[in-house]
2 protein chains.
Amino acid sequence: MEPIAEKKRAIFESTLKLVRENGFHGTPMSMVAKHAGVAAGTIYHYFGSKDQLIGELFTYVQQQVIAVIKKENCETISFKACFFNLWFGLYSFYRENPEVLKFFEQFVNSPYNTARPSPEQDELHELLSTFFERGIREEQLKPIGTNVLGTLMHSNIISTVRLVSSGWLVLERKELELIPQIFWDGMQRTN
Amino acid sequence: MEPIAEKKRAIFESTLKLVRENGFHGTPMSMVAKHAGVAAGTIYHYFGSKDQLIGELFTYVQQQVIAVIKKENCETISFKACFFNLWFGLYSFYRENPEVLKFFEQFVNSPYNTARPSPEQDELHELLSTFFERGIREEQLKPIGTNVLGTLMHSNIISTVRLVSSGWLVLERKELELIPQIFWDGMQRTN
DNA sequence: TACTTCCAATTGAATGTTCATTCGGTCTGC
DNA sequence: GCAGACCGAATGAACATTCAATTGGAAGTA
């Protein structure tokens, strides 16, 4: 809505970076304060508690991912082309923002993440579902729920990023393209 | 090697259960002690520190997963049948042991997980790689590294379990079978 | 312009709590 | 009577959170 206060953004970014490096528990508020260049008390001017800070940061970060999806989800090109664009769009985003991916994964599996919304209420998964609805309409896909497809695609991307970002292996562009290709081919109705 | 002491096993199981419910940081040693029916000091008889306890618990739990893989990895049936057995074997294990999955995911994304071994040194991923080597040998699969296939399969299973265990949606057996089927079909060489 | 008022933004030292860890001592089987 | 297993109160450090005090600038007043 309104632009985020500079201090608030600095607190977000510092928390993101520090949580990536040290985890939630290795990141005391005092450390966030120092890194963000504010006093400890200032954080509490913007956020009620550490839990609230983490929770709001999650929303902040989720919006970035949602922006990527919206950007790539284009009706004027073929569904297939759009699928690959979306796959690579998300891949690149996570690849270039490893702290986002790390925070995301830590958050999802943490007790901060209480009352996780169902996929219908979660804007990110809803967008992915909607995306696949078009595929169901236009292509010969296997009869699988769109929310299943959305989740599988997302986890497919994330595990690929983890693999590459960890440095375990280096993938040429050609090899990398095989990964969404597996998913694409697998979705097609075969009988 | 040698059978684990009863107290030690109790500490493992209590930690597993409590970490699932409260996360690493919501699980003080005093709570583990009480739940396991031992004194706080006893834990330090078996483990040097909380970090060490968590680390050893990871190994303990990983061995359970490895046992599942070894059990299902059978050379006397077709690779395809074996693939589906393995998929459902791991699926069922995580489904029946949600605390293992939760602990796993929390651990992997936490700072406890320093010096994560490369897939070649990680027995779990090595087993999956070896499994797919047979597939490469016997089947017409796309030219993708076995470690990539292993990772993708594992994440495919895990995200399916999460989806089902969260209660977001209920899958009939027929629908559930479509998920490994996607992966199987996708791996096949298509040209 | 000069002066006052007011309040949100900001500070950081102080507080109180929550743990991980220690250690002197007890128990048990040999 | 020894040695390892076990106990649990005590210790001390780390941390989230509070709050009394300070700042700075926007609006009001004359």
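Labels below follow one simple rule: chain letters A, B, ... track the order of the sequence lines, proteins then strands, and each chain is numbered from 1.
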In whole angstrom, give the distance that lies between atom [atom1] of [X] and atom [atom2] of [N].
{"X": "Lys8(B)", "N": "dG4(D)", "atom1": "NZ", "atom2": "P", "value": "17 Å"}
{"X": "Ile43(B)", "N": "dA5(D)", "atom1": "CD1", "atom2": "P", "value": "16 Å"}
{"X": "Phe47(A)", "N": "dT10(C)", "atom1": "CZ", "atom2": "C1'", "value": "15 Å"}
{"X": "Tyr46(B)", "N": "dT21(C)", "atom1": "OH", "atom2": "P", "value": "18 Å"}
{"X": "Glu6(A)", "N": "dT10(C)", "atom1": "CD", "atom2": "C1'", "value": "16 Å"}

Taking the six-membered ring where the residue is Trp, are the ring centres of Phe183(A) and Phe84(A) under 6.0 Å apart?
no

Is it true that [X] and [Y] make a salt bridge, defined as a side-chain N closer than 4.0 Å to a carboxylate O?
{"X": "Arg173(B)", "Y": "Glu177(B)", "answer": "yes"}
{"X": "Glu123(A)", "Y": "Lys70(A)", "answer": "yes"}
{"X": "Glu139(B)", "Y": "Arg189(B)", "answer": "no"}

Which label fits Tyr91(B) and Phe88(B): parallel for a plane angle under 30°, tilted from 30 to 60°, or perpendicular past 60°?
perpendicular

Polar atoms only, N or O, under 3.5 Å: list the protein pairs with nucleotides 25-30 of chain C and their distances.
none

Could you walk me through whether Thr160(B) and Leu152(A) pass the side-chain contact (heavy atoms from CB on, under 4.5 Å) check?
CA-CA 8 Å; Thr160(B) 306; Leu152(A) 291 181; 3.9 Å; yes

Below 4.0 Å: OP1/OP2 of dA9(C) and any side-chain N or O of His45(A)
yes

Going by atom types alone, do Arg162(A) and Tyr94(A) pair a side-chain donor with an acceptor below 3.5 Å?
no

Tell me, for nucleotides 7-24 of chain D in 5' to 3' order, what letter each nucleotide earns: B for a base near a protein heavy atom under 4.0 Å, S for only sugar-phosphate near one, - for neither?
BB------SSBB------

Checking ring pair (Phe, Tyr, Trp, His ring centres under 6.0 Å) for the pair Phe79(A)/Phe131(A): CA distance, chi angles, key distance, verdict?
CA-CA 9 Å; Phe79(A) 177 73; Phe131(A) 172 75; 4.9 Å; yes

